[in-house]
Amino acid sequence: MEKISNVRVRIAPSPTGFPHIGTIYQALFNFAFAKKHGGKFIVRIEDTDRTRFVEGAEEAIFQALDWFGLVEDESPRKGGEFGPYKQSERLSIYHKYAQVLIDEGHAEFVYYKKEEAGQKKDYSKDSEVKVEKNNSVPDQPKSVEDMISNSDKFSDWVVRMKMPKDEEVVVDDELRGKITFNTSEINPQVLLKSDGYPTYHLGVVVDDHLMEISHVLRAEEWLSSLPKHKLLYSYLGWSMPPVFHTATLRNPDKSKLSKRHGHTNVEWYRLEGFLPEAILNYLGLLGWSHPEEKEVFDLAEFIEKFDLKDIRPAPPVFDVVKLMWMNGLYIREKLSLEQLRERLFDFYSTLREVEPYIKNDGVLELAKTRMETLGDFKKLVLWSPEEEVDKNLKADLRGSLEIIEDKNWNKDEIFAVFKNFMSEKQVKMPVLYSMFTGRKHGLPLPDFMAALGKKESIERLSQ
RNA sequence: GGCGCCAUCGUCUAGUGGCCUAGGACACAGGGCUUUCAUCCCUGUAAUCAUGGGUUCGAAUCCCAUUGGCGUCACCA
């Protein structure tokens, strides 16, 4: 595999909500590509929509990246020589290039009524799409500088891209090949909003160029704005880096992965007790496959084998069931008992009741093959009232077990008592389980009790 | 609705003209192990490769059309 030099890739999340699993998917591919070629993985915060800004969202994005170990080389928090890395701190840069575009005749000032801004249009059947333009035009700003510094006077002005009439724009998607658009189909995009902030399209083109991004790896929903970007690049006299549009993750019904049908919030996975490395492994299976058809591999191996051109353009359904399996596999095969203990301590840092069980080697060992998520642990060890329990029978069982001498408290002795008890009372194993755990099934009971010790076991039967 | 992208078991996928009467994984079913439940092992069900036309001695693989799914058409990203 040949190394590509000066690889610089980026993800460009906007702080408008919780960290999305799709962002991590993008981050994984970008990160792997950067690391493979000794390049840089950059996080640029695209906070140009002040109305959707969510306090704390930026921090949450970085927390998520840290959790997955997809740590960036350059970002607002890390700095770097191409900063600032937050678009709200780069406004004067966008203003400069907006002015260049105006001067060169590729953009113009347009007057809109404020109330008309940001309305999503109806594209059903015959409704025609037209850009609303107010005809009674008041004074026009003389320059971007003028528009910004006299924002009161020009509060309804924007800078909009001028679109050539009926020209073909041929764009290149590295995963799909050449795609031709006609300029008449392209929306003359607003580039600079009336609040002086750029739209995504101006911001992304200017920043990707200035930050010397070498390869653009982004989600498929940007594909139709590619021609816009290509035009902007050529107007500015810049060359466009190769672009790869990766398929978006889908719900089981094939719609774009959404909160409504699936779990999109990274925080949900953390709270359920998924392992970040298992999620990464699973994500690596979507849209990409290991050259030897391996299903289980760590980040290092993914980086080694990953190649951009092997990404499939077809959108995959995100299957939580398979993720669960993968997570269980990581718990039982990739984690030592000690490592599992650490993860559990971390995970249950606020739930003191499970602490003694986490400390208990025997219990941990028994639980290890029975967990798909860290969250399953408490269901395995704690009492959960699911079954009806016969109080008298429970007392009888306790009585039988109390007879065992302290020094003979081991799983064989306990099981011997069980056997007698079951034949005497005409009950089966599950009944014993429910008396001890509240559920019909669970950890092997004699082993569980032996690991807990006589005192604790008898206590549990007394409750 | 215009434009664009995509299309192999239910799902993730292998497959780049003959090795494919299509392989693996998840899920599902059955069996073995077993003191419950799991783990582990074995077996099985499951794709006429969306459909219809070509090209070719030969197509899941190339071409065209159709259908379907999705995306996009905001002063959101």
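Model, not experiment: these values are computed from the prediction. The chains referred to below are lettered A, B, ... by the order of the sequence lines, with proteins before strands, and numbering in each begins at 1.
- Side-chain contact annotation: A:D298 with A:N281, donor-acceptor N/O pair under 3.5 Å absent.
- The residues A:R176 and A:D173 are annotated as salt-bridged, a charged nitrogen and a carboxylate oxygen being separated by less than 4.0 angstrom.
- Side chain to side chain, A:S88 and A:D47 meet the donor-acceptor criterion of an N or O pair below 3.5 Å.
- A perpendicular orientation is assigned to the rings of A:F318 and A:Y282, their planes being inclined by more than 60° (bins at 30° and 60°).
- Within the 4.0 Å cut-off from OP1 or OP2 of B:A14, not a single side-chain nitrogen or oxygen of A:K294 is found.
- For B:G1 and B:A60, the C1' atoms lie 34 Å apart once the distance is rounded to whole Å.
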Tabulate atom names and distances for all N/O pairs under 3.5 angstrom spanning the protein and nucleotides 2-6 of chain B.
residue: B:C3; atom: O2'; partner: A:E185; partner atom: OE1; Å: 3.2
residue: B:C5; atom: O2'; partner: A:R176; partner atom: NH1; Å: 2.9

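- Separating the CG atom of A:D253 from the C1' atom of B:G68 is a distance of 14 Å, rounded to the nearest angstrom.
- Atom NE2 in A:H245 sits about 15 Å away from atom C1' in B:C70, given to the nearest Å.
- Across all strands shown, B:C19 forms no Watson-Crick or G-U wobble pair with both key distances under 3.5 Å.
- The residues A:E413 and A:K454 are annotated as not salt-bridged, no charged nitrogen and carboxylate oxygen being separated by less than 4.0 angstrom.
- Panel note: side chain A:E185, backbone A:N182; a donor-acceptor pair is recorded below 3.5 Å.
- Note: A:F448 and A:F436 have perpendicular aromatic rings, judged against thresholds of 30 and 60 degrees for the angle between ring planes.
- Note on ring orientation: taking the six-membered ring where Trp is involved, the planes of A:F274 and A:W268 are tilted (angle from 30° to 60°).
- A salt bridge links A:D307 with A:K309: at least one charged nitrogen is closer than 4.0 Å to a carboxylate oxygen.
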Strictly under 3.5 Å: I want the nitrogen or oxygen pairs between protein and nucleotides 34-41 of chain B, one per line.
residue: B:U36; atom: O2'; partner: A:H441; partner atom: ND1; Å: 2.8
residue: B:U36; atom: N1; partner: A:Y433; partner atom: OH; Å: 3.1
residue: B:U36; atom: O2; partner: A:G442; partner atom: N; Å: 3.1
residue: B:U36; atom: O2; partner: A:G442; partner atom: O; Å: 3.4
residue: B:U36; atom: N3; partner: A:Y433; partner atom: OH; Å: 2.8
residue: B:U36; atom: N3; partner: A:G442; partner atom: O; Å: 2.8
residue: B:U36; atom: O4; partner: A:P444; partner atom: N; Å: 2.9
residue: B:C37; atom: O2; partner: A:R370; partner atom: NH1; Å: 3.0
residue: B:C37; atom: O2; partner: A:G442; partner atom: O; Å: 3.2
residue: B:C37; atom: N3; partner: A:R370; partner atom: NH1; Å: 2.2
residue: B:C37; atom: N4; partner: A:R370; partner atom: NH1; Å: 3.4
residue: B:A38; atom: O2'; partner: A:T369; partner atom: O; Å: 2.8
residue: B:A38; atom: N3; partner: A:T369; partner atom: OG1; Å: 3.3
residue: B:U39; atom: O3'; partner: A:R332; partner atom: NH1; Å: 3.4
residue: B:C40; atom: OP1; partner: A:R332; partner atom: NH1; Å: 3.1

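- Between the side chain of A:T183 and the backbone N or O of A:D166, at least one donor-acceptor pair lies under 3.5 Å.
- B:C62 is paired with B:G54 under the Watson-Crick or G-U wobble criterion, all donor-acceptor distances under 3.5 Å.
- Heavy atoms of A:R439 sit nowhere under 4.0 angstrom from any nucleic acid atom.
- Straight-line distance between the C1' atoms of B:U21 and B:C28: roughly 24 Å, to the nearest whole Å.
- Checked by distance alone, A:S255 brings no side-chain donor or acceptor within 3.5 Å of a matching partner on the base of B:C70.
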Under 3.5 Å between N/O atoms: give me all the protein pairs with nucleotides 24-27 of chain B, atom names plus distance.
residue: B:G24; atom: N2; partner: A:E295; partner atom: OE2; Å: 3.1
residue: B:A25; atom: O4'; partner: A:E295; partner atom: OE2; Å: 3.4
residue: B:A25; atom: O2'; partner: A:E295; partner atom: OE1; Å: 3.3
residue: B:A25; atom: N3; partner: A:K322; partner atom: NZ; Å: 3.1

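- Non-hydrogen atoms lying under 4.0 Å from RNA chain B are contributed by A:L285, A:L286, A:G287, all within residues 276-287 of chain A.
- Relative ring orientation between A:F29 and A:F306 is described as tilted, the plane-to-plane angle lying within the 30° to 60° band.
- A distance-only check finds no donor-acceptor pair linking the side chain of A:N30 to the backbone of A:A27 [under 3.5 Å].
- Summarising the base pairing, B:C28 is matched to B:G44 through a Watson-Crick or G-U wobble pair whose two defining distances lie under 3.5 Å.
- Taking atom P on both nucleotides, B:C9 is separated from B:A22 by 14 Å, rounded to a whole Å.
- Counting only residues at least two apart or on different chains, the ring-ring contact (aromatic ring centres under 6.0 Å, His included) pairs with a member in residues 187-209 of chain A are A:Y200-A:W222, A:Y200-A:H229, A:H201-A:H229, A:H209-A:W238.
- Comparing the same atom, C1', in B:C33 and in B:A38 gives a spacing of 12 Å after rounding to whole Å.
- Taking every heavy atom of residues 47-59 of chain A and every atom of RNA chain B, pairs under 4.0 Å involve A:T48, A:D49, A:R52, by number.
- Counting to the nearest Å, the P atom of B:U72 and the NE2 atom of A:H229 are 13 Å from each other.
- Nucleotide B:U34 is matched to nothing when pairs are restricted to Watson-Crick or G-U wobble geometry with both distances under 3.5 angstrom.
- Residue A:N187 contributes atom CG, which lies 20 Å from atom P of B:G1 at whole-angstrom precision.
- A salt bridge links A:D208 to A:R44: one of the charged nitrogens lies within less than 4.0 Å of a carboxylate oxygen.
- Atom pair A:F302:CZ and B:U13:P shows a separation of 12 Å (rounding to whole Å applied).
- Base pairing analysis places B:U72 opposite B:G2; the two distances defining the Watson-Crick or G-U wobble pair are each below 3.5 Å.
- The residue A:K256 sits close only to the backbone: its heavy atoms come under 4.0 Å of sugar-phosphate atoms, none of a base.
- Salt bridge annotation for A:R343-A:E277: present, with a cationic side-chain nitrogen under 4.0 angstrom from a carboxylate oxygen.
- Between A:R77 and A:E58, no side-chain nitrogen of the basic residue sits less than 4.0 Å from a carboxylate oxygen of the acidic one, so the salt-bridge criterion is not met.
- Going from atom CZ of A:R250 over to atom C1' of B:U13 covers 17 Å, rounded to whole Å.
- Rounded to a whole angstrom, the distance from the P atom of B:G44 to that of B:C3 is 50 Å.
- With salt bridges taken as basic N to acidic carboxylate O contacts below 4.0 Å, one links A:R250 and A:E220.
- Salt bridge status for A:D361 with A:R341: present, with a side-chain N to carboxylate O gap under 4.0 Å.
- Comparing B:G54 with B:A59, their P atoms are spaced 12 Å from each other, to the whole Å.
- Spacing between atom CE of A:M326 and atom C1' of B:U11 amounts to 14 Å, rounded to whole angstrom units.
- OP1 or OP2 of B:A14 lies within a sub-4.0 Å distance of a side-chain N or O belonging to A:R312.
- As a whole-Å value, the separation of A:E46 CD from B:C76 P is 13 Å.
- Between the P atoms of B:U51 and B:C40, the separation comes to 36 Å (whole Å).
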